[in-house]
Structures are given as structure tokens and as C-alpha cells.
Protein chains: 2
Amino acid sequence: MPARPKLLIVEDDLALAELIVWHCEAEGYVVRQTADGEEALLMVAEQMPDAIILDWMIRHVPGIEVLRRLRRDKATAQVPVIMLTARGEEEDRIRGLKTGADDYMTKPFSPRELLARIEAVLRRARPVTGGQSLVVGDLELDPVAHRVTRGGAPVPLGPTEFRILVHFMERPGRVQSREQLLDAVWGMDSDIELRTVDVHIRRLRKAINLPGMADVIRTVRSAGYALEV
Amino acid sequence: MPARPKLLIVEDDLALAELIVWHCEAEGYVVRQTADGEEALLMVAEQMPDAIILDWMIRHVPGIEVLRRLRRDKATAQVPVIMLTARGEEEDRIRGLKTGADDYMTKPFSPRELLARIEAVLRRARPVTGGQSLVVGDLELDPVAHRVTRGGAPVPLGPTEFRILVHFMERPGRVQSREQLLDAVWGMDSDIELRTVDVHIRRLRKAINLPGMADVIRTVRSAGYALEV
DNA sequence: CAGGTCCATGACAGTTTTGTGACACTCTCT
DNA sequence: AGAGAGTGTCACAAAACTGTCATGGACCTG
């Protein structure tokens with residue numbers, strides 16, 4: 001991640017665009033702005049921004065089409081996109097998220113909220129974009145090869161344990177509730193018992209804490225679990 | 001978010017204020033109201049509302065000044081603010097949003113709409129607040145990692161102690177009565193003995209005052225406790 | 001300094017939350 | 001079909017945490 005992440009704002013309400021630009025620049029981002037979908041795609045190709053804020057209703061090309069074309073091109077498929085929708089356009093949001101938007105904001109929104117989401121989306125993007133292996137402490141996880149090592153020694157993990165560990169390593173140190181883990185690993189609408197998470201955590205611990213090693217997973221009572229950093 | 005979010009209405013048109021209060025209370029919010037900017041700031045400090053409805057034209061201190069001072073104080077910087085402006089005061093709105101207002105309403109408005117915006121603003125507030133870690137003196141608390149350190153050394157805390165400390169660190173130096181602590185930590189309608197607070201304060205002290213360290217919690221006789229700054 | 005109020009502290013019994021081993025099932029591969 | 005790995009639940013054990021109380025000390029007031 002560069003020191004000053006680049007943002008592209010695609011928004012044709014000039015007053016709103018200006019407001020967003022003003023706030024983002026104050027926050028230290030490098031900001032480009034356009035009101036036009038075609039131009040947006042050109043600018044993306046040219047500058048490869050770190051995140052895109054995309055209004056749903058813009059000139060020439062609807063937002064969803066921009067998004068679709070971004071996702072189709074491998075070079076831009078990983079750039080995080082936050083879409084802006086009007087209040088109540090539930091269906092747009094769903095279609096947007098399905099097409100690969102990373103987050104959405106309903107107008108009107110507060111600038112502070114937008115900044116928070118940008119930050120969140122940038123933070124999340126880091127591990128995803130690279131296809132790089134994740135490293136936390138003496139843990140290393142290669143998402144492509146599906147391989148994990150602890151202090152260099154290979155750690156055999158089952159599929160579920162692997163997904164849990166990925167989730168943790170993308171958020172080192174952050175407490176994850178059982179609900180969050182269920183959503184992330186099993187999917188939003190699985191009807192799995194909360195306590196099942198405990199059992200998988202145990203299996204993960206057993207596999208990953210080779211004899212004599214400190215526990216990498218911290219239990220936070222009445223809150224969840226966190227990967228130690 | 002507490003079961004019944006607290007609102008502060010800052011509005012000096014008494015008829016309008018009364019109307020708003022009536023509607024908000026009907027909706028289940030706990031509502032405070034004042035017509036005066038200075039007093040509003042005091043009330044915020046005291047009660048830490050979950051959202052503020054702020055008229056732009058009020059006595060003594062203009063609305064924007066109230067907002068600016070709210071945002072400057074770290075303890076209150078995250079409280080969502082909905083501003084009320086007269087029709088056509090476009091510039092005020094822009095300035096307000098730039099200063100950190102979360103939403104605005106143009107008078108006249110329907111109570112229905114106001115309630116909808118309050119709800120939206122409360123819902124959005126949640127994730128935003130969680131970001132930064134709190135620092136007071138040599139104490140540091142990371143709400144995301146659920147982790148506390150004193151002078152760099154980790155401090156293990158139980159869930160209740162943790163919540164109490166969060167409450168204190170959001171209001172450094174400010175005396176909190178046992179009642180306030182009960183409301184904030186246990187919830188408004190818990191039937192817990194007041195003296196139970198004492199015991200938890202003691203446990204918190206024990207955990208946080210490592211040997212040789214000064215006590216961070218000051219007892220204020222017949223008033224409550226405060227976190228030393 | 002007597003008497004009262006308020007607070008600190010240790011103990012404790014009851015709850016809640018988490019750890020753990022076992023088991024039945026499903027899937028895949030052979 | 002049989003073997004083997006991986007999963008989701010359960011029941012019980014082990015920890016961790018809680019709320020209350022009784023006691024004694026600290027502080028105040030007259």
C-alpha cells in the first residue's frame with residue numbers, strides 16, 4: 001500500500017463530488033474525480049487507483065456496467081469499489097454486491113462514514129490484491145498453494161481450519177465473534193450452532209500449536225477469538 | 001448500542017422542540033432537550049448521547065460552533081449529529097457537512113422523516129466508533145483487539161472490567177456516579193446493587209495498578225469514581 | 001472524640017462461558 | 001462396498017466471571 005493511497009471518485013453531482021474530494025484530500029488521499037463512466041474506465045487503466053467510489057447513476061454508462069467491466073478485466077478485477085446508491089434502492093445494492101462491489105453507501109451519508117469505509121476497504125484489500133502469502137508472527141499462509149507453516153514447519157490443516165485461519169490472518173489481532181466467523185467461513189445463512197466454532201478453533205489450535213509453542217489464538221471471553229500478533 | 005438510545009435535541013423554538021421530543025419519546029428514545037448551545041455542550045459531556053439533533057440558529061453559540069467544539073474533543077468526536085437548517089441555506093449545509101455533521105434536515109420537515117434519519121444515523125454510527133484505540137496517560141485500550149496495556153504491559157481484564165474501563169476512557173477525568181456506571185455498563189434497567197459497582201472498581205484497580213504504580217482511578221466520596229488523567 | 005456515613009476488601013456460592021473427548025454422518029477415493 | 005478423512009453436535013468437565021455480603025477502616029460533622 002502506498003503512503004498516500006489513490007482514490008477515484010465517479011460522481012456526477014458536482015456539489016457532492018466536491019464535498020467528497022475535499023474530505024478525502026483532507027484525510028491525505030490522492031484523489032481524482034470524474035462524472036463520466038467511460039472516462040472513469042480510462043482513468044482506472046491509467047492510474048490504477050487503490051479504491052473507487054462509484055455512484056450508481058452516472059452519465060453514459062450506468063454504475064453497474066462500469067463495475068462489471070472493471071471486474072472482467074483481470075488487471076482491475078481486484079480494485080475495491082464502494083458504490084453509492086440512493087435511499088431505498090435495495091435491489092441495486094444487491095446487484096452491486098453480487099457483481100463484486102466491496103461495500104455500499106446509501107445517500108445521504110456522512111463524510112466520516114465514507115472515510116471509515118474507505119479505510120476498511122483499503123485494509124481489507126491488502127491481502128486479497130496480492131495473492132501474496134500472509135505472514136503473522138512465525139505463521140505463514142500461502143493462499144494459492146493452500147499451505148501453512150509455523151516457524152518453517154509445515155502445518156496440515158483441514159479445509160475449514162484453513163478458511164478460519166485465513167480469516168484470522170487477514171485481521172491479525174482483531175477479535176472475531178463466533179457470529180462473524182460463522183458468516184465469514186460458513187456463509188451468511190448457514191444454520192450452524194455457534195458452539196461449533198469452538199470445536200473448530202480447538203482443532204485449529206491443536207494443529208497449529210506444535211508442542212512447546214505458545215498458543216496463537218487468544219480466547220476473549222464473551223466476545224470471541226483473536227489471532228495473536 | 002444501548003437498548004434505548006439517548007438523543008439530545010438542541011432547538012430553541014419551543015413549539016418545534018416539544019414536537020420533536022414527543023415523537024422521539026414515542027419512538028422509544030430517551031430524550032433530553034435544551035435551547036442553548038453552551039448548555040448543550042455540557043449535557044453532551046455529561047450524558048454522552050447516541051445522537052444529537054442540532055438547530056443551526058440557537059442562542060449564545062451558533063450551531064456550527066457547537067458542532068466544531070464537539071468534533072474537536074476526542075470524547076465526543078464520534079457522536080452523530082443531524083443539523084436542522086432553514087430552507088435555502090445551502091451554504092450552511094455544506095459548511096456543516098464539512099465540519100462533520102452526519103446528515104441534515106431542511107425545515108419544515110415531517111416527524112416521520114426525522115425519525116428515519118435518526119435511525120439511519122444511529123445504525124451507521126456503530127462501526128465507525130469502533131476504530132481508534134483509546135489512550136489516557138500510560139493506559140491504552142484497543143477496542144477492536146479487546147486489549148489493554150498499562151505502560152506497554154498487557155493487562156488482563158474480564159468482560160465487565162473491560163466495559164467499565166472503556167466507559168471511563170471515553171470520559172477521562174470525569175466523575176461517574178455509580179448510577180451512571182450501572183446504566184452504561186449493565187444497561188438502563190438492570191436491578192443490580194449499587195455497591196456492586198464498588199467491587200468491580202476494586203477488581204479493575206487490582207488488575208490495572210501493577211505493583212508500584214499509582215492508582216488510576218480516583219474515588220470521589222459520595223459522588224462516584226473518575227479515571228485520572 | 002462519638003456517631004454516622006461512605007468505601008475497601010476478602011470470601012463465597014452461583015452462573016455463565018469455554019475446553020474437550022466422543023460419536024454419528026457424510027463424502028471421496030479406491 | 002470399504003477405508004479414511006472431515007464435519008457438526010452433544011454432554012460433561014473445567015475455568016472464569018459475577019453479584020452479594022459481612023467486616024473493618026476512612027472520613028466527616030458537630
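This structure is a prediction, so every number in the text was calculated from the model and none was measured. Labels below follow one simple rule: chain letters A, B, ... track the order of the sequence lines, proteins then strands, and each chain is numbered from 1.
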K.L.:
What's B:Asp215 touching, base or sugar-phosphate or nothing? Going by heavy atoms closer than 4.0 Å.
P.N.:
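Counting heavy atoms under 4.0 Å across all strands, no contact is made by B:Asp215.
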
K.L.:
Rounded to the nearest 0.5 Å, what separation is found between the CD1 atom of B:Ile9 and the CD1 atom of B:Ile52?
P.N.:
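Between atom CD1 of B:Ile9 and atom CD1 of B:Ile52 there are 10.0 Å.
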
K.L.:
Just by distance, with hydrogens left out, do A:Gln176 and A:His167 show a side-chain donor and acceptor under 3.5 Å apart?
P.N.:
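On atom types as modelled, these side chains qualify, holding a pair under 3.5 Å.
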
K.L.:
Figure out the CG/C1' separation between B:Asp198 and D:dT20, and round it to whole Å.
P.N.:
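That distance rounds to 12 Å.
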
K.L.:
Enumerate all atom pairs, one protein N or O and one N or O from nucleotides 13-15 of chain C, separated by less than 3.5 Å.
P.N.:
none

K.L.:
Starting at atom CG of B:Leu194, determine the distance to atom P of D:dC21, rounded to an integer number of angstrom.
P.N.:
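In whole Å, D:dC21 P and B:Leu194 CG are 12 Å from each other.
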
K.L.:
Is any side-chain N or O of B:Thr219 closer than 4.0 Å to OP1 or OP2 of C:dC7?
P.N.:
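Answer no for this pair, as no side-chain N or O of B:Thr219 is under 4.0 Å from OP1 or OP2.
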
K.L.:
Name the one of A:Leu54, A:Ile20, A:Val10 that satisfies side-chain contact (heavy atoms from CB on, under 4.5 Å) with A:Leu84?
P.N.:
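Only one option passes, and that is A:Ile20.
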
K.L.:
In a check of side-chain contact (heavy atoms from CB on, under 4.5 Å) between A:Arg163 and each of A:Thr160, A:Leu165, A:Val166, which one passes?
P.N.:
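Per the side-chain contact (heavy atoms from CB on, under 4.5 Å) rule, the option paired with A:Arg163 is A:Thr160, out of A:Thr160, A:Leu165, A:Val166.
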
K.L.:
Would you compute the distance between atom CD of A:Glu193 and atom CZ of A:Arg178 and round it to the nearest 0.5 angstrom?
P.N.:
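The distance works out to 12.5 Å.
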
K.L.:
Just compare C:dG21, C:dT18, D:dG19 and give me whichever is closest to any side-chain atom of A:Lys206.
P.N.:
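Given the options C:dG21, C:dT18, D:dG19, the side chain of A:Lys206 is closest to C:dG21.
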
K.L.:
Are B:Arg202 and C:dG10 close enough that a side-chain N or O sits under 4.0 Å from OP1 or OP2?
P.N.:
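Checking C:dG10 against B:Arg202, a side-chain N or O does come within under 4.0 Å of OP1 or OP2.
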
K.L.:
Under a 4.5 Å cut-off applied to non-hydrogen side-chain atoms, are B:Leu8 and B:Gln47 in contact?
P.N.:
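Of all side-chain heavy-atom pairs linking B:Gln47 with B:Leu8, none is under 4.5 Å.
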
K.L.:
Using whole Å, what does the distance between atom P of nucleotide C:dT17 and atom CD1 of A:Ile201 come to?
P.N.:
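Spelled out: CD1 on A:Ile201 to P on C:dT17 is 18 Å.
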
K.L.:
Atom CZ of B:Arg205 and atom P of C:dT9: how far apart are they, to the nearest Å?
P.N.:
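It works out to 7 Å between those atoms.
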
K.L.:
Look for any protein N or O under 3.5 Å of an N or O in nucleotides 3-7 of chain D and output each such pair with its distance, or none.
P.N.:
unit_1	atom_1	unit_2	atom_2	d
D:dT7	OP1	A:Thr160	N	3.0
D:dT7	OP1	A:Thr160	OG1	2.7
D:dT7	O5'	A:Thr160	OG1	3.3

K.L.:
Could you check which of D:dC21, D:dT9, C:dT18 has an atom nearest any side-chain atom of B:Val199?
P.N.:
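Closest nucleotide to the B:Val199 side chain: D:dC21.
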
K.L.:
Rounded to whole Å, how long is the line connecting atom CD of A:Glu193 with atom C1' of C:dT17?
P.N.:
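Whole-Å distance recorded here is 15 Å.
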
K.L.:
Less than 4.0 Å between a side-chain N and a carboxylate O, is that true for B:Arg59 and B:Glu39?
P.N.:
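Judged by the 4.0 Å cut-off on N to carboxylate O distance, B:Glu39 and B:Arg59 do not form a salt bridge.
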
K.L.:
Applying the side-chain contact (heavy atoms from CB on, under 4.5 Å) test to A:Ile217, which of A:Arg202, A:Arg205, A:Glu228 qualifies?
P.N.:
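Only one of A:Arg202, A:Arg205, A:Glu228 forms a side-chain contact (heavy atoms from CB on, under 4.5 Å) with A:Ile217, namely A:Arg205.
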
K.L.:
Using a heavy-atom cut-off of 4.0 Å across all strands, would you classify B:Tyr225 as base, sugar-phosphate, or nothing?
P.N.:
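Counting heavy atoms under 4.0 Å across all strands, the contact made by B:Tyr225 is with sugar-phosphate only.
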
K.L.:
Per the atom types in the model, does the base of C:dG19 pair as donor or acceptor with the side chain of A:Arg195 at under 3.5 Å?
P.N.:
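Indeed there is one.
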
K.L.:
Could you check which of D:dA16, D:dA26, D:dT20 has an atom nearest any side-chain atom of B:Arg221?
P.N.:
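Closest of the options to the side chain of B:Arg221: D:dA26.
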
K.L.:
Let me know the distance between CG of B:Leu204 and P of C:dA8, rounded to the nearest Å.
P.N.:
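Rounding to the nearest Å, CG of B:Leu204 and P of C:dA8 are 12 Å apart.
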
K.L.:
Could you give the CD1-to-C1' distance, from B:Ile217 to C:dA8, as a whole number of Å?
P.N.:
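Whole-Å distance recorded here is 13 Å.
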
K.L.:
About how many Å separate CG of B:Leu134 and CZ of B:Phe168, when rounded to the nearest 0.5 Å?
P.N.:
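Separation between the atoms: 13.5 Å.
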
K.L.:
Just checking B:Ser222: base, sugar-phosphate only, or nothing, at a heavy-atom cut-off of under 4.0 Å?
P.N.:
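Sugar-phosphate, no base atom in range.
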
K.L.:
Less than 4.0 Å between a side-chain N and a carboxylate O, is that true for B:Arg150 and B:Asp138?
P.N.:
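Yes, B:Asp138 and B:Arg150 are salt-bridged.
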
K.L.:
Which whole-number value in Å describes the distance from B:Asn209 CG to C:dA8 C1'?
P.N.:
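Distance check: B:Asn209 CG to C:dA8 C1' gives 13 Å.
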
